[in-house]
Trainee: 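To start, I am sharing the structure in question, which I have written as structure tokens.
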Amino acid sequence: MEPAAAPPPPSPPLPSPAPSAVAAAPGSAELVCAQGRNLKAVLCQRCGSRVLLPGAATFARRELLLPAMRKKAAAAAGSGSGDVVREHWLVRDMFSFENVGFTRDVGNVKFLVCADCEAGPIGWHCLDDKDSFYVALERVAHE
């Protein structure tokens, strides 16, 4: 009886990209964990108020037009000028926010603003989709 041949050594696993590397752009990769959630707290750029805790939102890509940053009353007026933003934190439950305010309805949209200093809009909520709140990464700070 011949001895059984030793099994071949296992080949090293192929590197697979982390979900954040696939979903996030190079500048936002350090903000997204392997599950696609925010690694850091989300803060207002102007006053530093905490908008979201770490892990409260999911990274999402969606092209949205947000009016230029200003105070709440002016943001609600929707002057037509603004920025197209593509990278967002998607929040599925409005009670996940630590500190956020909403403008009056502008058509079927409410814009998200900082509840402390009313700077915004930092995000967008379509009234047709009750479970989707988008916070633009470029409109907030991270800690």
Side-chain angles (χ1 to χ4, degrees), residues 4-143:
S11 59
L14 295 174
S16 60
S20 61
V22 173
S28 59
E30 70 275 358
L31 301 175
V32 184
C33 73
Q35 292 77 33
R37 302 193 74 74
N38 59 311
L39 280 171
K40 299 180 179 184
V42 177
L43 311 172
C44 173
Q45 285 180 341
R46 179 180 288 166
C47 72
S49 179
R50 189 174 302 253
V51 176
L52 288 167
L53 293 174
T58 306
F59 180 82
R61 282 188 185 277
R62 182 168 182 187
E63 200 166 282
L64 300 172
L65 176 65
L66 286 180
M69 292 281 286
R70 56 189 70 180
K71 285 286 202 175
K72 183 175 168 182
S79 67
S81 66
D83 305 308
V84 175
V85 290
R86 292 175 180 84
E87 293 183 334
H88 306 275
W89 293 121
L90 173 60
V91 178
R92 293 292 186 180
D93 180 2
M94 70 181 288
F95 296 106
S96 296
F97 287 104
E98 292 296 302
N99 193 14
V100 75
F102 295 88
T103 63
R104 292 190 176 126
D105 298 359
V106 180
N108 67 338
V109 171
K110 285 185 181 275
F111 294 107
L112 282 61
V113 297
C114 173
D116 282 344
C117 71
E118 295 187 344
I122 60 170
W124 183 89
H125 170 63
C126 179
L127 298 173
D128 296 336
D129 185 359
K130 299 291 184 195
D131 298 326
S132 296
F133 303 85
Y134 294 91
V135 178
L137 267 68
E138 66 185 58
R139 300 275 181 105
V140 292
H142 297 87
E143 164 186 90

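Bear in mind the structure is a predicted one, so any value in this text is a computation, not a measurement.
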Trainee: Does any N or O in the side chain of His88 come within less than 3.5 Å of the main-chain N or O of Arg62, such that one atom is a donor and the other an acceptor?
Mentor: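 Judged by distance alone, yes, a pair lies under 3.5 Å.
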Trainee: Not counting sequence neighbours, which residues clear side chain to side chain contact (heavy atoms under 4.5 Å, CB included) with Asn99? List them please.
Mentor: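 Partners of Asn99 under the side chain to side chain contact (heavy atoms under 4.5 Å, CB included) test: Ser49, Ala115, Asp116.
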Trainee: Given the rule in the side chain to side chain contact (heavy atoms under 4.5 Å, CB included) test, do Val100 and Phe133 qualify, once you have shown the distances and angles that lead to the verdict?
Mentor: CA-CA 11 Å; Val100 75; Phe133 303 85; over 6 Å; no
Trainee: If you measure from SG on Cys47 to CD on Glu118, what distance do you get to the nearest 0.5 Å?
Mentor: 10.5 Å
Trainee: Kindly indicate whether the side chain of Leu90, heavy atoms from C-beta on, has any atom under 4.5 Å from the side chain of Tyr134.
Mentor: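 Yes. Closest side-chain heavy atoms under 4.5 Å.
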Trainee: What pair of heavy atoms forms the shortest contact from Ala68 to Pro121, and how long is it?
Mentor: O-CD, 3.7 Å
Trainee: Roughly how far, to the nearest 0.5 Å, is CG of Leu112 from CE of Met94?
Mentor: 9.0 Å
Trainee: Taking all heavy atoms of Leu43 and all of Val140, pick out the closest pair and write down the distance.
Mentor: O-CB, 3.4 Å
Trainee: Under the 3.5 angstrom rule, does the side chain of Asn38 hit a backbone N or O of Lys40 as a donor-acceptor pair?
Mentor: yes
Trainee: Kindly compute the distance separating CG (Asp129) from CZ (Arg92), expressed to the nearest 0.5 Å.
Mentor: 6.5 Å
Trainee: How many angstroms lie between CZ in Phe111 and CG in Leu64, if you round to the nearest 0.5 Å?
Mentor: 9.5 Å
Trainee: Has the side chain of His125 got a donor or acceptor atom that lies under 3.5 Å from a matching backbone atom of Ser132?
Mentor: yes
Trainee: Can you name the residues that form a side chain to side chain contact (heavy atoms under 4.5 Å, CB included) with Arg86, not counting sequence neighbours?
Mentor: Glu63, Val84
Trainee: Identify the two heavy atoms, one from Gly107 and one from Leu127, that lie closest to each other, and give their separation to 0.1 Å.
Mentor: O-CD1, 4.4 Å
Trainee: Which pairs with one or both residues in residues 131-143 pass salt bridge (Lys or Arg N to Asp or Glu O under 4.0 Å), sequence neighbours excluded?
Mentor: Arg50-Glu143, Asp83-Arg139
Trainee: By side chain to side chain contact (heavy atoms under 4.5 Å, CB included), which residues pair with Leu39, not counting sequence neighbours?
Mentor: Cys33
Trainee: Nearest 0.5 Å, please: how far is CH2 in Trp89 from CG in Leu52?
Mentor: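 It comes to 9.0 Å.
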Trainee: Which atoms form the tightest heavy-atom contact between Ala119 and Arg46, and what is the distance?
Mentor: CB-NH1, 3.6 Å
Trainee: Looking at side-chain heavy atoms only, is the closest gap between Leu31 and Phe59 below 4.5 Å?
Mentor: no
Trainee: What residues, two or more places apart in sequence or in another chain, satisfy side chain to side chain contact (heavy atoms under 4.5 Å, CB included) together with Cys126?
Mentor: Asn108, Trp124, Asp128
Trainee: With sequence neighbours left out, what residues match Ser96 under side chain to side chain donor-acceptor pair (under 3.5 Å)?
Mentor: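 Ser96 satisfies side chain to side chain donor-acceptor pair (under 3.5 Å) with no other residue.
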